Each structure stands twice: as C-alpha cells, then as structure tokens.
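Numbers here are sequence positions counted from 1. Small disclaimer: the values here were computed from a predicted structure and weren't measured.
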Amino acid sequence: MLDYNQPIDRAKNPTASEASRRRSGSSFNVLELASLLWRRRIAIASAALIGACLAVVVGKSLAPRYTATAQLYVDPRELQLVDRELTPRAQDVSGMSMLVESQARLITSNSVLLQVIQQAGLDKDPEFGGSDGKTLAASLLGLVGLQPRTPSAAEAKEVQLAALDALNKHITIRKTEKSFIVDIEVWSTDPAKAAMLANTLTSTYLTESRNSQALAARRATSELSGRLKELRERLRNAETALANYKAQNNFVGTQDSLISDQQLSSSNQRLSAARAATMDAQARLDQIEANKRTAADAGAIPEALQSPTIANLRAQYADARKKYAEQTAELGPRHPALRQTEKQVEDLKRTINEEIDRFALSAKNDLTRARDYEASLNRALEVQKRQSVQLSQAAVRLRELEREADASRDVYQSFLKRSRETEEQETLNTSAARVIGEATIPQRRSFPPGMTLFAMIGFGFGALAAIFWFVAAEHLFNGTTAPEPSRRERKPAPEIAMPEAEATAPLPALALVEKPLIARLQEADVIRTLGAILATGSGVDLTRIGWPTLRPGFPLTTLLNALRDMRAAMARRAGSKTMPVIALVGAGQTPERSVTTLNFALAAARDGSRVLMIDADHQSHALSNRIKRPGKTETGKVGWFSIGSKAAREIKTVNGISVLPATETDAGKATESIRKAIAQARAAGGYDLVILDGPAMPLSAAGRKLLDGADALVAVLPTSHDINDSMEEILTALGAAQRKLVGVVLDELTPATQTLQRGKQYA
C-alpha cells in the first residue's frame, strides 16, 4: 500500500527508532499533560487561591457606582390641537422609529446637559471635574483673611465643558425595542445624586422640548408677520392697477359681464327682430301687388278682409249690384234710373280699388321703414363690434391684472391666517412626551459586581496561568522547540512498501520529492452509458462514447476537489507559463488511464477551463478509436490545426473540450507532431490547459522527450492491479521526471459487466 508518513529519500533510510524519536519529540500527548498537572496540583491550587485573593482585593479597591433609571414615553404622534401643525407628523413605522431615536439623542444634547449642570451645580462637583472651592490654597487664604480669586469667564467655561464631558460618560440612553419607551440611566458614586440627576435630566428635556416648540412657533410668527406688510402693499398696488386700467379702457359693467357686452347682445337681438319685420313687410307688399296683377278679387287680401271700411264698401257694392240687376229686368238699357245705378256700382268698385291701393302704399311704406330701421341697427351693431374687439384686446391685460390681484389676495390671506395660527400655537403644548417612571434611589450598586464573581474569575485565571507556566517550562526543559513558521514544510512523497530484502539494497541518491495528491475515482462519481444507443447526431458528446464519465450536477465532490488541487499544483509549477501541459501516465497497457484522462478533462471543463485533450498513446489509440469509431458517433465541428502527416484535425465536442486524435504509428513522428500542435495552440492562445493521454509505458525515447515538455504528471493506478507494484513501475520509468508528479488517481471502478442485454441503457 501507499505510505505517505515519510518522504522518499533514497540516499538516507532512517531507522524506525529515529522516526519514533522524532514523533515522540514533536508531540505532547494528553496522558503526559495529565501527569504533569497532577504532579503540580498543589502549586496550581495555590496559584488559583492567590489569584482569587488578588481579584477580591482589586474589587474592593474599585469605587462603587450606583445607577438610577428614569423612564420616558416619547410618542411621535403628538396631540392634535389645531388642524395644521407647525411640524409634520411621522406617517409610517420607520419614520416614527427614527423620530423616537432622534428625541433620544436630543436628551443628551449639549443644550439639555448644560442646563442640568447649572441646575445641579455639577461644575462645582469634584466627581464631574468641578471644584467646590474648599481646596488647600483656599483654606490657607481664608486663615489669613484673604478671599480666593474669582475664576475668569474662560476658566469657568473650561470647567463647564469638563463637567459636560464627564456627565456625558455618566449617562446611558436605551430605547426599548418596538416601543416608544426610552430608559435614561445615570450612574454616580452617590445613589441619591444618581436619582436626582436622572429626574433633573428628564424634566429638563421636557421643558426644553416645550420651549423649542414655542420658539419654533414664535420664529414662524415673526417671519410671517414680517412678510404681511409687504404682501399687503403688493395686494393694494395690484388692486389699484386693476381699477385704473378698467377706468382707462371703459370696462364698466356688473359683476357678471360688461355693459358693452350687454349692449352688443341687445343690439344683436333687435337687429334680428328688425330683419324679421322687414321680411314680413316685404311678403305683405308682394302679396298685395300679386293680387292686383291677377284677375282675382283685390279684396281677398287679409288686410282688406280685416278693414271695416272695405267691408262697408263691399256691402254697398253688393246692394248696388243687386239693385242694378233688378232694374235691368224692369227697365230698358237707356233708362235714367238704370244708368244712375250702373254709375253707382262703378263708383263703389273704384272706391274699393282705391282703398286697396292705399293698403299697398301702406305696405310699401312699412317695408321702407323696416329696411331703414334694419340698416340703422346694422350700423350700430358694427360700431359696437369694433368697440368689443378693442375691449377684447384690452381685456388680455385686464385678465392678467386680475390674476395678479387674485394671487396677491390669496397669498396675503394665507399668510394672515397662518400667522394667526402660529401665534396661537406659541401657548399650546402639543408634545405627548411624559415621564412614566421617575428615578428612585438605587439600593444596590451596579459596579463592581459581587466579590464572589471576582473570586471565581481570579481563581480561574490563577489556575490557567499556573498551567501554562508549567507546560511551557516542561517543553523548555526538555529542549523541544516549535517549528519555524517562516520555513515552508515540505510534504513527503508517497513511499512504496518494499520487501525487507529490497529495502536493505543500496539505492541511487535522489532529491527529496514533494508528496503528490491522491484522488479516488469511484463508482459513485461516474455514470455509465452505452454510446451506441445514446449517441446523437448533434455532435461529439464525450459523455456518450461508452466510457464511465463524471455525474452531472455534483460540483463539490471529493474527487472534483482533489482534481482541482492537482490543477492548482500544476499551475504553481508552470508559473506564468500560458497553457500549461499535464500528462496522465499509467503502468502497462490498460484502458483505465484513458478513462481517467477523459474524466480529468471533463472536471477541468466543468470548472470553466478551455481544454485541449491530445491522444499521446501511439500504440493503442484508445481515445482516438472511441471518438472516431465509424457508425457510432458523428464528428462535431472540426478545428483549424492538425497533427501528423495525415492531417488529423482537432474535434470540438459539445462538452467544451477539443480532442486531437493520433494518426501516426511511429513514436518519434507522433511526438514531434504533438509538440508542434502544442506550440501552435499556445501561439494562438485558444486554450487554458493541455491534457495528454499517455504516453504508454514503458517509456520510449520519444515518450521521455514528450514528458520533458510537460509541466506536471499524474499517475493512474487501477485497483485491479497491485498499486505498489504499479507505482514502483511508474517511478522507475519516470526517473528524474518523477519530480513533476503532482497527483495519483486510484481507479476503483469495477470492471463493466460483459454480458449486457442488447438495447438496455445503464445510468
């Protein structure tokens, strides 16, 4: 089996006694520690008791502190005494919480604390950095009848600031979670003084809060009152300008409309009526003239029928016609009576026609008068229209003056009303803050804690100090030193367990090799598929070529972490070299190496690396045969560079890995082709990592030349063989190249069952 406890140093083979002595000298086990503590139990107990006594002495020497607590209720929802408050209220929970925290900070503001100092006389209290005047110098001056010098204003200010700083340190403000309760804690060496200061602080804060509200209202009233005179003058000027403009442009009317607009509307109505009368007179005249031109009875017009004169004449005419008819029957045509009656009929008929003519003349006169009246109204309307247009143009400026006057009036009324409101708010106290718990004289001190706790702490520290001292002394007396932190510890490389006879044989001197990393490829890490059944035509899929490949969706397995560490070790060895090359080698002609190489490339591609995998096994070509197997998979996108004389070009797979298959059978030509392909890919800069599958063991001269160009090596050890023999074979074949070995992969995959049912899928 692999033994990683000791580094490989073939020049020196330390004996078991030396190794055991090193192991025993570099550790200090639990049994030895318990034995040491038991031997030193009396000294440790004595040190613990001494520590407890010292802690009690220290606790007794500390000045006691007494803490008094007062509770204050700060409600951000202040009393609603007026419709519009001077300061806006908090609307949401976060705003209310911020307001309460702001008020809690105001409690310890300088303005509040300075008033507390003045009320409580803290500038003369020695506890707060003051002086009560009873110093030794003042006493000596008093004995000789002299008064001490009165401190200057600067000195008094300095003492006051010192008291302010000391009082700040004595106060703690705590806000209860999810409430409006604020706890005010004040400590002092005198319990009565602590309670007095806490109560004084709360009352001073409430007074200061009320004064600040009144001051804000007074300041707002003063500002508003100062603006009222200016706003009043502005309103008077605006109204005066509006009145003068109306007088200059003859804007006279009621509140709703101007007189000119009313006259225009009335003239328009009269003109419409005059036009209707003209049309009526014209129609009446046309009817009379039409009756006169026709053979119809001229008295059939409505005016004739309604006239009493025409009616009387028509009655006389009818009587005369009747009399004429009677006389015609009795008398001859030349009879004088008949001739007189006939003349009477003609006279009546002429009289009726003359009366009808008078009606026509009257209708003509009415038509003329109506036309003249309409024309005069039309002329008056045109004049009024021109005046209305002129007034409309002047009304633009009028409306502007009216808007200015209205705006000045609104602003003035608003300022006047708000000024009266703020003036009344000066005397109102809208604050809802109040004291819900006054501070009482504390009965117990808050610091220092009880002497029992001091004794326990001192006891524990004394015991621990004694234990550390004895352990350190034991190590120093035994000559054991800690490893140097600046020196990097070398990891031993794996050592192959050999028979005793071989171990005694002399070995050539080799340099010390760092211990390679070990990864285990197990069945739980892979998935098995049948490539012939699951292959698709969309391109080459390396997970479907019939080999067991890594399971998808497991990025943090032990195997993947170990492979990441191997790539990190390779990157450290490569330094700043672009596109490092790593080769996977195995003992004998086994397919496990190619399977491990494929999974190594899949793990690197899963971590985001651009991988170029090259088949460097010029004998078996296991990887190339799988990818280029005819009838099984279709070749994906073919790359731009090739390898060998047969121009085998790179195959880009759907897994983010490019595969460069091998075509040369000659080892030397294959090696040169691979080296040229690597140089070509490195110059193009299209990949992050090159993985070589091979070369096969035993190494030929071409294989050694290929490994000399690699930056790191990984050994593949199948567990179906003896791993010690396989590792010894690989190390022997590598020779000096074994210093590039960064990892070992133990292939623990069980051989696939050979009797698989046809068409059945395994995953």
Y66 six-ring centre to R445 NZ/CZ under 6.0 Å and within 45° of normal:
no

Determine whether the side chains of N561 and R564 contain a donor N or O and an acceptor N or O closer than 3.5 Å.
yes

Name the orientation class of the two ring planes belonging to Y73 and F180 (parallel below 30°, tilted from 30 to 60°, perpendicular beyond 60°).
tilted

Under-4.0 Å salt bridge between R551 and D525:
no

Going by heavy atoms in the side chains, are L37 and F470 under 4.5 Å from each other?
no

A quick test of your reading: do over 12 heavy atoms of other residues, nucleotides or ligands sit less than 6.0 Å from CD of Q119?
yes

Do L164 and I117 make a side-chain contact, defined as non-hydrogen atoms from C-beta onward lying under 4.5 Å apart?
yes

Give a yes or no on this: more than 12 heavy atoms of other residues, nucleotides or ligands lie within 6.0 Å of atom CZ of R39.
yes

With the threshold set at 4.0 Å, does a side-chain nitrogen-carboxylate oxygen contact exist between E230 and R234?
yes

Taking atom CZ as the centre, does R520 end up with more than 12 heavy-atom neighbours from other residues, nucleotides or ligands that are less than 6.0 angstrom away?
no

Rounded to the nearest 0.5 Å, the CG atom of D565 sits from the CG atom of L517 at a distance of 5.5 Å

So, taking the atom named CG in L54 and the one named CG in L49, what distance separates them when rounded to the nearest 0.5 Å?
11.0 Å

Check R409 with D406, please: is the shortest side-chain N to carboxylate O separation under 4.0 Å?
yes

Got a salt bridge between D183 and K175, using NZ or NE/NH1/NH2 to carboxylate O under 4.0 Å?
no

Are any of the side-chain heavy atoms of V112 and T108 separated by less than 4.5 Å?
no

More than 12 heavy atoms of other groups within 6.0 Å of E438 CD
no

Side-chain heavy atoms of T69 within contact of V186, under 4.5 Å
no

